2 protein chains.
Amino acid sequence: MAQSDTVDRILDAAEELFAERGFAETSLRMITSKANVNLAAVNYHFGSKKALIHAVFARFLTPFSATLETAFDELEHKCQGNPPTLNQTLWVLTESAMRMPQRNEKGISIFMRLLGLAYTQSQGHLRKFLEQEYGQPFGRFMGLLKEATPELSAVDRYWRIQFMLGATAFTMSSSDALIDILDNKLGVQASVQEIAARLVPFLAEGMKAPDKIQLPPSVADTTVA
Amino acid sequence: MAQSDTVDRILDAAEELFAERGFAETSLRMITSKANVNLAAVNYHFGSKKALIHAVFARFLTPFSATLETAFDELEHKCQGNPPTLNQTLWVLTESAMRMPQRNEKGISIFMRLLGLAYTQSQGHLRKFLEQEYGQPFGRFMGLLKEATPELSAVDRYWRIQFMLGATAFTMSSSDALIDILDNKLGVQASVQEIAARLVPFLAEGMKAPDKIQLPPSVADTTVA
DNA sequence: TTAGTGCTCAAACGTATGTTTCAAACAGAC
DNA sequence: GTCTGTTTGAAACATACGTTTGAGCACTAA
């Protein structure tokens, strides 16, 4: 059993268990028994549980951010100085994600869920790690969004980006469960790719909504449309 | 120190700590020391940590779901048989949330964050508890959404409701931090009410997006708009 | 062979957790 | 004032956690 075997088995098991149960609720003993390796192997190969969490993210995020930078380069080159549109920018992001090599049948949904957890769970060290390692492509994406929505005020854009992030992180992080529920309720099969294909128009349309907010009308004042 | 005092202090401390750190990462010792009560008080008054979590949700959710049912009654009465519009339905929900009596200055954002965590963190017992106790008003809201968007297929509506839930839960659960960041970056003050006022048009517009999905065009095929 | 290296293994360590115990303090009724 | 049921307090309980240890194994190089 070569080293890489043990390391990869730990990473595979950890990735899956973290996605299922969160970080704090997943013990090293669960990981090592699922991976069929000794408990001490985690601390030997990674040093600590925190470092293992970082390694799980790095294994996916490092090649992904490289792919993304290339895709942004191509997009900007194709546009020859004109700023890419909102739809183009969103599609480049989702396509890059979809095209990442998938380790198993669960594919990208596991990692989407991990990214969602990274936002939700406190885990201060994780957020710091992600910002330091992958802040650049994220900032570039934000810049493209800004160029693609010049009609929005900075405040409008700020909030709507949060809304987009929320819809994406929340849905993708539960994509497995949501796909199952849809199958049970309506007998319809779905895939992460299809979710993305439905999500992008929803987001793009929300971003284009009239930029002046309508202040809450009391229900009493509202007329039937 | 009467019983209610201890019970409420535990609930207050638990609510805040759970919202900050999640359920698994918050120990009973943190809660009891923040509440200035004895460690055993939690198991005496609530029976277990799980039951405490349920009680935290019930304290907010029980009066809220009653308020919501009343508001839905009023809305339907006002519409006299016609189905309420999407905007009306969304506004009734947000207004009901905004009008809940707020225990402290952090107000509703703490509870939004808890609801988000309830979705995200595994905690199977919590999801079961929430479905059993508060499934009815939730189902009624879903029914209103269905009536308000007859043009959508069941599958489209299903996914877009998830997107709306995500954008709402994600944004509201971090509303404090997001308001602070906005103040730092742009020097703009905001409130939870204002977030809601910006969120509803975004969601409504997203729901109205063209119902046929556009399948992912390759970046190479995309033309500059 | 011998020494050294990389890795695995079972066992233990120290710490933190949720929960239980039981005596002491308290409250209100008689 | 005394009794009774309720609530608090300090301490202990059993368990699970992340981490460390040191012996043992397989393999390479000198």
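All values derive from a computational prediction rather than experimental measurement. Lettering follows sequence order; numbering is per chain, from 1. Heavy atoms only: backbone and side chains are in, while hydrogens, waters and symmetry mates are out.
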When the distance from [atom1] of [X] to [atom2] of [N] is rounded to whole Å, what number comes out?
{"X": "Lys50(A)", "N": "dG18(D)", "atom1": "NZ", "atom2": "C1'", "answer": "12 Å"}
{"X": "Leu17(B)", "N": "dT17(C)", "atom1": "CG", "atom2": "P", "answer": "12 Å"}
{"X": "Arg29(A)", "N": "dT17(C)", "atom1": "CZ", "atom2": "P", "answer": "16 Å"}
{"X": "Ile53(B)", "N": "dT17(C)", "atom1": "CD1", "atom2": "C1'", "answer": "14 Å"}
{"X": "Arg9(A)", "N": "dC9(C)", "atom1": "CZ", "atom2": "C1'", "answer": "14 Å"}
{"X": "Asn43(A)", "N": "dC17(D)", "atom1": "CG", "atom2": "C1'", "answer": "12 Å"}
{"X": "Lys49(B)", "N": "dT19(C)", "atom1": "NZ", "atom2": "C1'", "answer": "12 Å"}
{"X": "Met30(B)", "N": "dT15(C)", "atom1": "CE", "atom2": "C1'", "answer": "13 Å"}

| field | Thr6(B) vs dT8(D): side-chain N/O to OP1/OP2 distance below 4.0 Å | value | yes
| said: Whether His45(A) contacts dG6(C) is assessed here as follows: a side-chain N or O lying under 4.0 Å from the phosphate OP1 or OP2. Is that the case? | reply: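 For His45(A), the contact criterion (side-chain N or O under 4.0 Å from OP1 or OP2 of dG6(C)) is not met.
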| said: Working note: Glu16(A) + Arg113(A), criterion salt bridge (Lys or Arg N to Asp or Glu O under 4.0 Å); need CA distance, chi angles, decisive distance, verdict. | reply: CA-CA 10 Å; Glu16(A) 204 159 330; Arg113(A) 176 145 173 82; over 6 Å; no
| Which word best sums up how the rings of Trp159(B) and Phe163(B) line up, parallel for under 30°, tilted for 30 to 60°, or perpendicular for over 60°? |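 Geometry flag for Phe163(B) against Trp159(B): parallel rings.
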| task | On DNA chain D, check which nucleotide each of Ala40(A) and Leu39(B) is closest to and give me the residue with the more 5' one. | result |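 Per heavy-atom nearest nucleotide, the more 5' residue is Leu39(B).
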| Within the side chain of Thr171(A), is there an N or O that forms a donor-acceptor pair under 3.5 Å with the backbone of Thr168(A)? | no
Looking at [options], which one has an atom nearest to any side-chain atom of [X]?
{"X": "Ser27(A)", "options": "dT6(D), dG18(D), dG6(C)", "value": "dG18(D)"}
{"X": "Asn38(A)", "options": "dT17(C), dT19(D), dA10(C)", "value": "dA10(C)"}
{"X": "Tyr44(B)", "options": "dG18(C), dT7(D), dG9(D)", "value": "dT7(D)"}

| query | Would Gln189(B) and Glu194(B) count as having a side-chain donor-acceptor pair, cut-off 3.5 Å? | reply | no
| query | Using a cut-off of 4.0 Å on non-hydrogen atoms, how would the nucleic acid contact of Thr32(B) be classed: base, sugar-phosphate, or nothing? | reply |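 No contact.
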| message | Using a heavy-atom cut-off of 4.0 Å across all strands, would you classify Ala41(B) as base, sugar-phosphate, or nothing? | response | nothing
| Out of Phe18(B), Phe111(B), Phe129(B), Tyr134(B), which residue meets the ring-ring contact (aromatic ring centres under 6.0 Å, His included) rule with Phe57(B)? | Phe111(B)
